[in-house]
Each structure stands twice: as C-alpha cells, then as structure tokens.
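Presented below is the structure to which this report refers.
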Amino acid sequence: MHKATLTILDEHRSLAAVLHGLRYLARNAVKRGATLDFRLLEAMVAYIEGFPEACHHPKEDAYLFRLLRLHAPDAAPTLDELAAQHRDGKNRLAHLGRALAEYRECVEIPVPVDADALSNSGWGRIRCLTAAAAFLDSVESYATFHWKHMRIEEDVVLPLAEKTFSAADWAEMDAAFSSHQDPLHGAGTNGGDFRALFTRIVNLAPAPIGLGPALDAADGDTTTLELLRSGRFGQDEGAAGRA
C-alpha cells in the first residue's frame, strides 16, 4: 500500500476508536446509570470536529476523490455519495454536540419548578430521561453513519485508487496526507490534551484498537464487532507500526 493509503487507514482507526469510546460511555451512562465524564465526551466531540471533519474529509474530497474521478469515471456515483456524506457529517456532529450540551445541562443544572406543579425530582427525572435518550440516539446514529462511510471508502475507494493511480498521483496524495498529523498522536497546540484523550480511549476501546473489554455481538452492534474484528481501520504492518 502507498503511504497516503496507510495514513487514511490510520486516521480511520483513530476515528473508530473515538466513536467506540463515545458510544461506550453513552451506553454505560444511559442504560446502566454510570456517571458521565462530560469533559471527556466534549473532548471526543472536539477531536472529531477539529480533525476528521476539518482536515481528513476535506483532503479526501480535494485529492482522493478528485483524482479517482479522473481515472475511474464509473465510480462517480459512489464518490458523489461519499462527498455528500462528508457534508452531512458536519450537520450530524452539530446535532450530537447540541444533544450532549442539553444532557449535561439537565444533569448539572436542574430546572426549578413551582411547588404546585410537578416536584423538582419528578420533573428533573422526566427531563433527564428525555435528554439522555436523545443523546444516546444521536451518538448511535452518528457512529453508525461514520462506520458505514469508512467501510465504503476502505472496501471500494481505496482499493480502486491503489489499482488506478499513477506515480504522479501518489506523489500528490502522499504530499497532501503527510502535511498534517493526527492530533491524537500528539501534534498541534492541544497535543497534550489529545494525548490524554487518546490514553482514555485506548483504555475503553476493544482489541484490536485498545485495551478495553471485547465487544459482544449480544450488545446489539454486530456491524462494529465485524469491523473491529476484521482488522479494518489500518490494521496492517505499516499502519500498526505507526500507531
């Protein structure tokens, strides 16, 4: 595989780890009553907004998809769909951010009510249950959306690029995707914060991504289980060496 392909796979692997960590924490809190670390959740959302959405996806559009349109015109419908998903991803992430903020406000700042109306505890419980359900739904939807998106890129787009790109194309791709570094690996002004985030994610994520408990198909996420066990998201010798 070429360097740019391995970089894209590594970045998919990082995003998959963040999405799993986000989903694990949300499920644990909403379904099992665990205490939520809102700062950790907000850091995860900030990472997705600051790197995959702001850097990774625009470069795929500008280089990978553009060059592939030149060499494989028949792939245009797939590339159009993926580009539209990049645009839609920003809206989905904004919705997730709002759901997280509303859930945090519900938990940390209960809304006072008149004594003649519902009791504070009753009103707070109803409000928090509603906010919790909305937050979990948003997390599940966003994670599933991105896992399916990355799967198309890895099963269809990247193999086609490996087959059709010229040496000049790969030189352009390699230069573009080597001009940045995934902040989970320590680059950028918030490198220290993201390194701490990465440590937390590694402790949550299942193998082959991290050190957390193995995923169970009975948990209702067979797609994620299949993706992680299949070794996708950069699980080859070159990617693993840089992780």
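Below, each value reflects all heavy atoms present in this structure, side chains not excepted, and no hydrogens, waters or symmetry copies. It should be emphasised that the depicted structure is a prediction, and the values quoted were computed from it without experimental measurement.
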Given the rule in the ring-ring contact (aromatic ring centres under 6.0 Å, His included) test, do His57 and His146 qualify, once you have shown the distances and angles that lead to the verdict?
CA-CA 12 Å; His57 290 163; His146 261 299; 5.4 Å; yes

Is the ring pair Tyr103/Phe38 parallel, tilted or perpendicular, if the boundaries are 30 and 60 degrees?
perpendicular

For residues Leu160 and Ala72, report the shortest heavy-atom separation together with the two atoms involved.
CD2-CB, 3.7 Å

Taking the side chain as every heavy atom from C-beta outward, state whether His12 and Ile8 have any atom pair closer than 4.5 Å.
yes

What heavy-atom pair brings Ala54 and Pro58 nearest, and what distance separates the two atoms?
O-CG, 3.4 Å

Ring-plane angle category for His56 and Phe51, please: parallel below 30°, perpendicular beyond 60°, tilted otherwise.
tilted

Go through the steps for Thr5 and Phe177 under the test side chain to side chain contact (heavy atoms under 4.5 Å, CB included), then give the verdict.
CA-CA 9 Å; Thr5 300; Phe177 281 90; over 6 Å; no

Within the structure provided, determine whether Gln85 and Lys148 are in side-chain contact (heavy-atom separation under 4.5 Å).
no

May I ask you to decide if Ala176's main-chain N or O and Ser179's side chain share a donor-acceptor pair within less than 3.5 Å?
yes

Could you check Met150, Arg92, Glu140 and say which one makes a side chain to side chain contact (heavy atoms under 4.5 Å, CB included) with Phe145?
Arg92

Between Arg69 and Asp80, is there a side-chain N and carboxylate O pair less than 4.0 Å apart?
yes

Got a salt bridge between Lys90 and Glu49, using NZ or NE/NH1/NH2 to carboxylate O under 4.0 Å?
no

Mind listing the closest non-hydrogen atom pair of Pro52 and Tyr47 along with its distance?
CD-O, 3.1 Å

Can you tell me if Arg104 uses its side chain to pair, donor with acceptor, with the backbone of Leu100 under 3.5 Å?
no

Evaluate the side chain to side chain contact (heavy atoms under 4.5 Å, CB included) criterion for residues Leu22 and Leu96: first the C-alpha distance (whole Å), next the side-chain angles of each, then the deciding distance (0.1 Å), finally the verdict.
CA-CA 11 Å; Leu22 184 64; Leu96 172 58; 3.8 Å; yes

Can you tell me how far the NE2 atom of His86 sits from the CD atom of Glu53, to the nearest 0.5 Å?
8.0 Å

Can you tell me how far apart CG (Leu9) and CD (Glu154) are? Round to the nearest 0.5 Å.
5.0 Å

Do you know the tightest heavy-atom contact between His20 and Trp147?
N-CZ2, 4.0 Å

Once rounded to the nearest 0.5 Å, what's the spacing between atom CG of Leu68 and atom CG of Asp74?
10.5 Å

Nearest heavy-atom contact between Ala4 and Asp174 is N-OD1, 2.9 Å

Between CG on residue Leu93 and CZ on residue Arg98, distance to nearest 0.5 Å:
10.0 Å

Note: Ala99 and Ala134 closest approach over all heavy atoms is CB-O, 4.2 Å

Decide whether Ser166 and Asp169 meet the rule of one side-chain donor and one side-chain acceptor closer than 3.5 Å.
yes

In the structure I gave you, are the side-chain heavy atoms of Tyr24 and Leu19 within less than 4.5 Å of one another anywhere?
no

Check whether any side-chain heavy atom of Glu153 lies under 4.5 Å from a side-chain heavy atom of Glu60, and answer yes or no.
yes

Between atom OG of Ser178 and atom CG of Leu6, what is the distance when rounded to the nearest 0.5 Å?
12.5 Å

Is there a side-chain contact between Leu25 and Met44, using heavy atoms and a 4.5 Å cut-off?
yes

Hey, mind stepping through Phe135 and His95 against ring-ring contact (aromatic ring centres under 6.0 Å, His included) and telling me if it holds?
CA-CA 9 Å; Phe135 170 62; His95 177 75; over 10 Å; no

Point-to-point distance, once rounded to the nearest 0.5 Å, from CG of Leu67 to OG1 of Thr164
9.0 Å

Is it true that Glu11 and Lys59 make a salt bridge, defined as a side-chain N closer than 4.0 Å to a carboxylate O?
no

Under 6.0 Å from the OH atom of Tyr63, do we count more than 12 heavy atoms belonging to anything else shown?
no

A quick test of your reading: do over 12 heavy atoms of other residues, nucleotides or ligands sit less than 6.0 Å from NE2 of His180?
yes

Could you check if a side-chain atom of Lys31 sits within less than 4.5 angstrom of a side-chain atom of Leu136, using non-hydrogen atoms only?
yes

